[in-house]
Asker: 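The structure follows.
We use all heavy atoms of the structure for the numbers below, so side chains are in, but hydrogens, waters and symmetry mates are not. Every chain is numbered from 1 and lettered A, B, ... according to where its sequence line falls, protein lines coming before strand lines.
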Amino acid sequence: MSEQRFSNVYQPKEWETQLYNEWEHGGDFSPVGTGPSFSMVIPPPNVTGELHMGHALNVTIQDIMARFKRLNGFRVLWVPGTDHAGIATQNVVDKALQARGTSASEIGRDAFLDNVWEWKHTYGNRITKQIRRLGASVDWHYERFTMDDGCKQAVTNHFIALYKKGLIYQGEYIVNWCPKNKTALSDIEVEYKEFKGHLWHMKYPLTSDKNQFICVATTRPETMFGDTGVAVHPDDDRYRDLIGQTVRVPYTERDIPIVADRHVDQTFGSGAVKVTPAHDPNDFDIGNRHNLARILVMDESAIMNQNAPKQYQGLDRYQCRKQLIKDLQADGFLVKTEDHVHNVGTNTRSGEVIEPYLSKQWFIDMKKLTQPAIDAVKSKSITFVPERWEKLYFEWMENIRDWCISRQIWWGHQIPVWYKKDNPDEYIVAECSPGDDYVQDPDVLDTWFSSALWPFSTLGWPNKTDLLANYYPTALLVTGYDILTFWVSRMITMGLFNMDNIPFNHVYIHGLVRDIHGKKMSKSVGNVINPLDIIDEHGADALRFGLAALCTKGGQDIKLSMEKIQASRNFTNKIWNFSRFADMCLNDGTNPIDPMTRPTPVTEIDGWILDRLNQTIETVTHHLNDYNFAAAADELWEFTWNQCCDWYVEGIKQHKAESLPVLVFVCFQTLILLHPFMPFVTEAIWKNLSKHPNISEDHLMDTIQHAQWPVAVAIENNQRIKDFETTFNLIREIRHLIKTANVSTKNELTLTLSHPDSTTQTLLLNMTPLIQKLTKVTYCNVQSHAPEVDVPHTQSVASTIEIQLILPNVDVASEKNRLEKQLSQLQQQHHNLNKKLTNEQFIQKAPPAVVEKVKKEADNITSEIHSIETQIAKFA
RNA sequence: GGGCGAUUAGCUCAGUUGGGAGAGCACAUCCCUUACAAGGAUGGGGUCGCAAGUUCGAGCCUUGCAUCGCCCACCA
């Protein structure tokens, strides 16, 4: 009984976990065979993270490609792993400690690191379990972590190699300092946000004459204690005479020079700018040009330090600003206050306002590294999909800045630099400590430093492994455009540096998942759709298909809605029931059917569906090779639902036995085509159907994953495809007439179809049973010309075939009205076509095929107009 | 300031050698027909952002404009 194998609704929960376990423990995700290799590395999610829609999209796309390639006989290796995510993880663990009444700083570095490792062991597999729920066919045997021993070795090797080539240096520069995390950040970890602030104009008195002033404008008055100059434009007539003189910084005993510098914009503010080289990157440059001193006035938490006047020491930067404004006003230094909107850098992670801060950090000299990486993309050794992202890549790489790689946190790869205890200026770069008289640099490396090595560190580098030999370069990298600069560009750069070869051939860059209004999903807004909730409720396949169907060629951001997911859920159920129908038909079968062998069609509609299947195989294969997931998904939807279910299944119900082999074959082929998108439901059906006693398992794999991707053969009969299109048009029109006449098909209806052409008559005669079945008309006659009918009837024309449907009664007025409306539509179409055909230029210049097509259309419409006119005339 | 992308049905979006304006959802009407009501059938709905140009012909190519979104730069 079919009920034993198929419930009437697909229940994902009954299948997904069990199937995934079978797959994983059955070794189904391991590379096998002798086919060409296809490898990917997963963009490692944060080890403490939780699965969000971005992961779901990213993993879905990769899994579609992995399964597609596996079905095509490739040796697929997809390497999973997680990222240690320095600052993010450190924050999470520190927060947890604080909730327990202690903190990282209280317990100290070693104890803190023990805590993070413990945390990693407790929660590190949460995200990997969640990835499993998506159905990801990653090979867990090769799972990696960016701080495991292999990655550690890779990082150290890489650092030393760069250092030896003089590409890593230590320097004192203005960096982006986060006072909350007390660490430097790289430029791309800073997000600029618009803030409503003020522009304060204040007077600095001349040393030579306290009654004269120069007025400077600033948004950050608290940095004035670090001022070591005032800059004006050399051509500015207002200040020309003051250049070279000195002014006294209020509340200090320091006199600072007025210098001329072309960087100054005469039209902004007062045209004179205070120069604070230790707290502003531009001022740092100006200071260098004019040999100005650098004075830090804050500590690492942005608290005013001993270089500020006593009364401000110990205040944080904002308290200080507030007090200082009061004081400046009281003491007559404040000239005016303007409202000023400006962009302020913030920490991408914590949101804290960045303090430009002078400090000693490690940098990579990127300019010397990028050229091969630029060339690799220019020469198309690496291709970006969509191609337009190359522009952003070149823009970034051609204006590359040095990469600040040191971070003043504890969780991460500690920098392999050892300072002599009694002389910190003396240091050695090495994997291990040179001796007890050395101490290691306390800083760790930027998380992206290890991520940059991911495509080869996961395959064993720096050791020469078989994995590397077999799977590097990887075939494809799938990622979002938001980390193109953070990650993709650096993998290419470092891949070429270490491996002398690109890390991947193709980069597929997808959009970001947003809510239906295009807004970023965020917990505070409350518009988050949690992928795990979706999987619980509707199954992983519904989520996957929904996401893939939105993943269009242009790589636009994806606006996700519950409605879209529900539609996909309905589709999974449709596939389930299509198969359930096949299963039911098998019950009546007499001989075992081999579902993998292409059967010879017995009936016309069987031949038709096989041809349509071929078209679908070809289109879907093309779209997947083209990374056009939405188009592939659309095609599969159209074929499965509209062609197979709506037309084919309904069409064979009158000859199920004859069509059974084709039905079964088409069903299995369709399952394979759908499998990359919907691994669970297709496997569930596969296993169910395989168990049917009338299925021969001789050529059947025990899992759909090991099946062979369908191969398209030549279309057998193009005319037949057209004939069925004509028939379906006709059926639609007849149904429309029945519906419009508001007549029940429980009555015995009589239909006459007329066409002068004998081939068409033959077609109609052949299709009569189908037409009767699908329109529920009892009698159907085929004629060369529409007969005179003197009983109530309704009439129309479709694909130039005249339709007459006898009715119990008819409303002549509305019937006439309907025909006239149809006539006017046809006349409009005819008019448009005729306009073209009477245009000499069109006839001369348009391709003959186009002209021919238009002529034929016009002829058809003329014929239809004639039919309708005749029909209307009968009412006269 | 520079760059990229978007603008097509009520909503979300497809639409490449330029030649028929389409899908899903939503909506309306009818139908529990033995695969599926998470379903079936039928239907309504669009001057393809605006303007000009190229062309026999433009949703598609060129130019300009408008609106929205994102990225980079950061005038203190």
Asker: Decide, yes or no, whether a salt bridge links Arg317(A) with Glu222(A) under the criterion of side-chain N to carboxylate O below 4.0 Å.
Answerer: no
Asker: Rounded to whole angstrom units, what separation is found between the CG atom of Asn8(A) and the C1' atom of A37(B)?
Answerer: 11 Å
Asker: Can you tell which of G24(B), G20(B), A38(B) lies closest to the side chain of Lys836(A)?
Answerer: G20(B)
Asker: Any idea which of G43(B), A35(B), G40(B) is nearest the Trp641(A) side chain?
Answerer: G40(B)
Asker: May I ask you to say what His340(A) touches in the nucleic acid, namely base, sugar-phosphate or nothing, with a heavy-atom cut-off under 4.0 Å?
Answerer: sugar-phosphate
Asker: Please work out if Pro847(A) contacts a base, only the sugar-phosphate, or nothing of the nucleic acid, heavy-atom cut-off 4.0 Å.
Answerer: base
Asker: Measuring from Arg5(A):CZ to Asp583(A):CG, what's the distance to the nearest 0.5 Å?
Answerer: 4.0 Å
Asker: On RNA chain B, does the nearest nucleotide to Asn839(A) precede the nearest nucleotide to Val264(A) from the 5' side, or the other way round? Give the residue.
Answerer: Asn839(A)
Asker: Mapping Ile731(A) and Tyr10(A) onto RNA chain B by nearest heavy atom, which one lands closer to the 5' end?
Answerer: Tyr10(A)
Asker: Roughly how far apart, to the nearest Å, are G40(B) and C56(B) at atom P?
Answerer: 48 Å
Asker: Val9(A) side chain: which of A38(B), U42(B), A76(B) is closest?
Answerer: A38(B)
Asker: Between Arg732(A) and Glu725(A), is there a salt bridge with N-O shorter than 4.0 Å?
Answerer: yes
Asker: Students often get this wrong, so: under 4.0 angstrom with heavy atoms, is Lys835(A) touching a base, only sugar-phosphate, or nothing?
Answerer: nothing
Asker: Under 3.5 Å, which N/O atoms of the protein pair with N/O atoms of nucleotides 11-13 of chain B?
Answerer:
residue	atom	partner	partner atom	Å
C13(B)	OP1	Lys559(A)	NZ	2.9
C13(B)	OP2	Lys559(A)	NZ	3.3

Asker: Could you give the CG-to-C1' distance, from Asn343(A) to C72(B), as a whole number of Å?
Answerer: 12 Å
Asker: How far does the P atom of G10(B) sit from the matching atom of A52(B), given to the nearest Å?
Answerer: 25 Å
Asker: Going by the angle between their ring planes, with limits at 30° and 60°, are His279(A) and Tyr357(A) parallel, tilted or perpendicular?
Answerer: perpendicular
Asker: Looking at Asp261(A) and Arg289(A), is any side-chain nitrogen of the basic one under 4.0 Å from a carboxylate oxygen of the acidic one?
Answerer: yes
Asker: From the options G19(B), A38(B), A76(B), select the nucleotide whose nearest atom is closest to the side chain of Arg569(A).
Answerer: A38(B)
Asker: Quick check for you: among A76(B), A35(B), G5(B), whose closest atom lies nearest to any side-chain atom of Thr218(A)?
Answerer: A76(B)
Asker: Are the aromatic ring centres of Phe668(A) and Trp686(A) under 6.0 angstrom apart?
Answerer: yes
Asker: Whole-Å distance between C74(B) C1' and Asp283(A) CG?
Answerer: 13 Å
Asker: Quick check for you: among A35(B), G20(B), A76(B), whose closest atom lies nearest to any side-chain atom of Val649(A)?
Answerer: A35(B)
Asker: With a 4.0 Å cutoff (strictly under), does any side-chain N or O of His736(A) reach OP1 or OP2 of A41(B)?
Answerer: no
Asker: Return the value, rounded to whole Å, for the distance between atom CG of Leu774(A) and atom P of A41(B).
Answerer: 10 Å
Asker: For the pair Arg388(A) and Glu390(A), find out whether any cationic side-chain nitrogen is under 4.0 Å from an anionic carboxylate oxygen.
Answerer: no
Asker: With a cut-off of less than 4.0 Å, is there a side-chain N or O of Lys574(A) near OP1 or OP2 of G40(B)?
Answerer: yes
Asker: Starting from C1' on G3(B), measure out to CD on Glu398(A) and report it in whole angstrom.
Answerer: 14 Å
Asker: Among C56(B), A41(B), G5(B), find the nucleotide with the atom closest to the side chain of Lys845(A).
Answerer: C56(B)
Asker: Would the base of C4(B) count as contacting Lys391(A) through its side chain, where contact means a donor and an acceptor less than 3.5 Å apart?
Answerer: no
Asker: Counting only side-chain heavy atoms from C-beta out, which of C74(B), G19(B), A76(B) sits nearest to Thr219(A)?
Answerer: A76(B)
Asker: Applying a 4.0 Å non-hydrogen cut-off, can you work out what Cys645(A) is touching in the nucleic acid: base, sugar-phosphate, or nothing?
Answerer: base
Asker: Give a yes or no on whether a donor-acceptor pair under 3.5 Å exists between the nucleobase atoms of U29(B), that is its base, and the side chain of Lys739(A).
Answerer: yes
Asker: To the nearest angstrom, how far is His263(A) atom NE2 from C74(B) atom P?
Answerer: 10 Å
Asker: Please report, rounded to the nearest Å, how far the P atom of G20(B) is from the CD1 atom of Ile861(A).
Answerer: 11 Å
Asker: Which helical stems does RNA chain B take part in, if a stem means at least 3 consecutive Watson-Crick or G-U pairs with both distances below 3.5 Å?
Answerer: B:1-7 with B:66-72, B:10-13 with B:22-25, B:27-31 with B:39-43, B:49-53 with B:61-65
Asker: Using distance alone, with no hydrogens and no angle criterion, decide if Thr778(A) and Gln772(A) have a side-chain donor and acceptor under 3.5 Å apart.
Answerer: no
Asker: How far, in whole Å, is A6(B) from A76(B) if one measures between their P atoms?
Answerer: 32 Å
Asker: I'd like to know if Glu650(A) reaches the base of A35(B) with its side chain such that a donor and an acceptor end up less than 3.5 angstrom apart.
Answerer: yes
Asker: What is the distance from atom CD1 of Ile529(A) to atom CE of Met53(A), rounded to the nearest 0.5 Å?
Answerer: 5.5 Å
Asker: What interatomic distance, in whole Å, is found between P of C70(B) and the corresponding atom of C31(B)?
Answerer: 49 Å
Asker: Pick the P atom in U63(B) and in C4(B), then give their distance to the nearest Å.
Answerer: 12 Å
Asker: Using the P atom as the point on both nucleotides, what is the distance between U17(B) and U12(B), in whole Å?
Answerer: 27 Å
Asker: Of the listed nucleotides (A35(B), A76(B), G15(B)), which one gets closest to any side-chain atom of Phe268(A)?
Answerer: A76(B)
Asker: Can you check the Asp646(A) CG to C31(B) P distance for me, whole Å?
Answerer: 20 Å
Asker: How far does the P atom of A28(B) sit from the matching atom of U34(B), given to the nearest Å?
Answerer: 26 Å
Asker: Would you sort out whether Glu355(A) and Arg220(A) count as a salt bridge (charged side-chain N to carboxylate O under 4.0 Å, His left out), showing the intermediate values?
Answerer: CA-CA 11 Å; Glu355(A) 184 63 38; Arg220(A) 310 187 54 220; 2.6 Å; yes
Asker: Answer yes when Arg401(A) and Asp187(A) have at least one side-chain N-carboxylate O distance shorter than 4.0 Å, and no when they do not.
Answerer: yes
Asker: Classify the ring geometry between Tyr10(A) and Trp576(A) as parallel (under 30°), tilted (30 to 60°) or perpendicular (over 60°).
Answerer: tilted
Asker: Regarding Ala630(A), tell me which of base, sugar-phosphate or nothing describes its non-hydrogen contacts under 4.0 Å with the strands shown.
Answerer: nothing
Asker: Between C30(B) and A35(B), how far apart are the P atoms? Round to whole Å, please.
Answerer: 25 Å
Asker: Which of the following nucleotides, G24(B), G39(B), U33(B), is nearest to the side chain of Asn570(A)?
Answerer: G39(B)
Asker: Answer yes if the ring centres of Phe268(A) and His340(A) are under 6.0 angstrom apart, and no otherwise.
Answerer: yes
